[in-house]
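Below, all heavy atoms of this structure are taken into account, side chains as well, without hydrogens, waters or symmetry copies. Reminder, nothing fancy here: chain letters follow the sequence lines and each chain counts from 1.
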Amino acid sequence: MSKELDKIFESFEGNRIFKDRSILQSNYIPLEIPHRNEQIKQIASILAPVLKGEKSSNIFVYGKTGTGKTLSILYVKDELLKRMKKDNDTELRIEYVNCKLRKVSDTEYRILAELIKKLGGEVPPTGLPTETVYNKFIELIDSKKQILILILDEIDQAVKKISTDFLYNLTRLNSELSKTQIGVVGISNDLTFLEGIDPRVRSSLSEEEVVFSPYNALQLQEILTHRATPAFKENVIEEGVIAKCAAFAAREHGDARRALDLLRIAGELAERENVQKILLRHIDEANIKIEREKILEVVKSEPKQFQYVLYSIIKLLERKDGPVFTGDVYNYYQEICVKNKSEVLTQRRVGDIIQEFDMLGIINVKVISKGRGGRMREIKLAISKSLVEKTKAIIEESLDYNF
DNA sequence: GTCAATTCACATGAAAGAGACCACGGTCTAGTG
DNA sequence: CTAGACCGTGGTCTCTTTCATGTGAATTGACGA
């Protein structure tokens with residue numbers, strides 16, 4: 001419904017750019033997935049037995065972000081469900097869970113809770129022993145004869161946060177079920193993920209493996225064209241825009257999601273400016289905007305202590321050229337805490353916080369050794385000057401005492 | 001001059017604590033007949 | 001007698017602290033040429 005309304009509003013508001021914006025959104029599942037036929041066929045043939053009521057092999061899917069893993073799996077899922085015969089006595093259920101989404105499911109408990117919810121059960125958000133939740137899950141799925149395929153997206157993240165026990169339990173689950181059989185599809189961004197896993201779990205979990213290699217610029221270009229044609233009105237894209245988008249994303253290890261985001265944001269920018277076409281410069285602007293919003297959003301939502309640490313880094317780097325080191329940051333951070341009458345975290349913790357900022361791409365961190373001078377992190381900012389100023393302003397707002 | 005041991009200033013890991021949140025079951029209270 | 005309020009216990013979850021161990025290269029100092 002809302003999609004239809006979008007269309008209506010867009011055409012009424014004198015929109016000159018978009019025909020159907022939703023096509024460029026990352027959760028949109030297109031009818032065709034270019035350059036992934038091989039993988040889709042592979043997955044489909046592995047999962048095919050479930051149509052006859054037999055258990056399929058477990059699959060492990062690798063590939064970096066934005067290479068179409070999730071999309072392909074969901075596509076196969078839909079096709080399978082479409083072809084499922086109604087008269088079959090064993091039911092087929094396929095459930096998808098993203099293990100990374102914070103607040104949704106990044107612990108064993110929550111993944112199970114999420115699954116139970118999808119299967120129509122009910123489980124409180126916390127408070128129960130995990131054991132109970134397991135039992136409830138087993139009870140729920142074993143109530144009738146069915147085949148269950150669990151798609152666990154970003155499973156590497158889950159294991160990092162939980163432990164491999166979870167996977168072990170999962171693979172062992174089949175032996176505890178009498179009527180139902182479970183197949184697991186694990187999706188991982190990390191190609192080396194299975195290396196550190198218990199061999200028993202590894203062998204049962206990755207009976208089959210499917211690899212998604214990154215798209216190259218040419219393929220990205222085709223994908224973009226494929227989506228842009230129905231999404232935009234005719235002749236609103238300047239020559240070379242698509243190519244530029246593709247080039248940008250190809251630099252980011254062929255991330256198609258990124259490319260689509262770029263194109264969509266560029267479109268929105270053009271629309272807001274009320275110009276007729278998406279120009280090349282809109283891509284640049286979109287690129288900056290995505291970066292900027294991502295980072296400012298993060299900084300805003302980060303707790304006070306994190307902000308203090310980041311502020312220390314910014315201030316210290318402002319004062320002197322070249323990198324700063326863990327110790328400097330910690331000292332300055334302590335000062336800030338004292339002056340703002342806030343509690344001071346231990347150095348151990350601050351070290352972790354610094355590393356988290358690195359992961360977020362706000363700073364660049366390298367561990368260096370200065371010989372007898374010790375071993376420490378070398379910290380540099382990884383964002384543009386103007387963005388730093390903006391970040392600083394945001395943090396200063398929440399500071400009682402300004403420097 | 002050479003080489004291994006030492007040393008610095010942290011990094012990195014593991015474990016456990018604090019405090020918020022919550023479910024569950026039992027007990028107490030107040031309202032009802 | 002019963003429904004709802006009110007606890008106490010035991011669970012999860014996140015953020016931290018504590019304790020322990022690891023680490024890369026400049027520095028040191030013993031050694032031999």
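- Both Asp352(A) and Gly371(A) sit near DNA chain B, but only Gly371(A) has its closest nucleotide nearer the 5' end.
- The distance from atom CZ of Arg372(A) to atom C1' of dT28(C) is 6 Å, rounded to the nearest whole Å.
- When distances run from any side-chain atom of Thr107(A) to the nucleotides dT12(B), dT16(C), dT14(C), the shortest one goes to dT14(C).
- In this structure, Thr326(A) does not reach the dC10(B) phosphate: none of its side-chain N or O atoms is under 4.0 Å from OP1 or OP2.
- Taking 3.5 Å as the limit, the base of dG13(B) and the side chain of Arg348(A) contain a donor-acceptor pair of atoms between them.
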- Task: Would you check, one step at a time, whether the test side-chain contact (heavy atoms from CB on, under 4.5 Å) holds for Ile278(A) with Phe232(A)?
- Result: CA-CA 10 Å; Ile278(A) 303 175; Phe232(A) 290 112; 3.6 Å; yes
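- At the heavy-atom level, Gly327(A) lies under 4.0 Å from the strands shown only through sugar-phosphate atoms.
- The aromatic rings of Tyr333(A) and Tyr308(A) sit tilted, their planes meeting at an angle between 30° and 60°.
- Residue Val329(A) is classed as having no contact, given no heavy-atom separation below 4.0 Å to the nucleic acid.
- Within the nucleic acid shown, Thr130(A) comes within 4.0 Å of sugar-phosphate atoms alone, with no base atom in reach, counting heavy atoms only.
- Note on Ile368(A): nothing from the nucleic acid sits closer than 4.0 angstrom, heavy atoms only.
- Checking dT12(B), dT14(C), dT16(C) against every side-chain atom of Arg110(A), the shortest atom distance belongs to dT14(C).
- Between Gln355(A) and Gly374(A), the residue whose closest nucleotide on DNA chain B is further toward the 5' end is Gly374(A).
- For the pair Glu79(A) and Arg83(A), the salt-bridge criterion is met [side-chain N within less than 4.0 Å of a carboxylate O].
- Atom OH in Tyr134(A) sits about 15 Å away from atom C1' in dT12(C), given to the nearest Å.
- Taking atom CZ of Phe325(A) as the reference point, atom P of dA11(B) lies 12 Å away to the nearest angstrom.
- Protein atom CE of Met376(A) is 13 Å distant from nucleotide atom P of dA25(C), rounded to whole Å.
- Rounding to whole angstrom units, NZ of residue Lys304(A) and P of dT16(C) are separated by 12 Å.
- Under 3.5 Å, the side chains of Tyr215(A) and Glu222(A) contain no donor-acceptor pair of N or O atoms.
- Closest to the side chain of Tyr109(A), out of dT14(C), dT17(C), dT12(C), is dT12(C).
- Between Glu108(A) atom CD and dG11(C) atom C1' the separation is 14 Å, expressed in whole Å.
- In this structure, CD1 of Ile354(A) is placed 17 Å from P of dA9(B), rounded to the nearest angstrom.
- Ser386(A) and Arg292(A) are linked by a side-chain donor-acceptor pair at a separation below 3.5 angstrom, with hydrogens and angles left out of the test.
- Atom CD of Glu356(A) and atom C1' of dT16(C) are 12 Å apart (whole Å).
- Nearest nucleotide to the Arg375(A) side chain, out of dC15(C), dC24(B), dG22(C): dG22(C).
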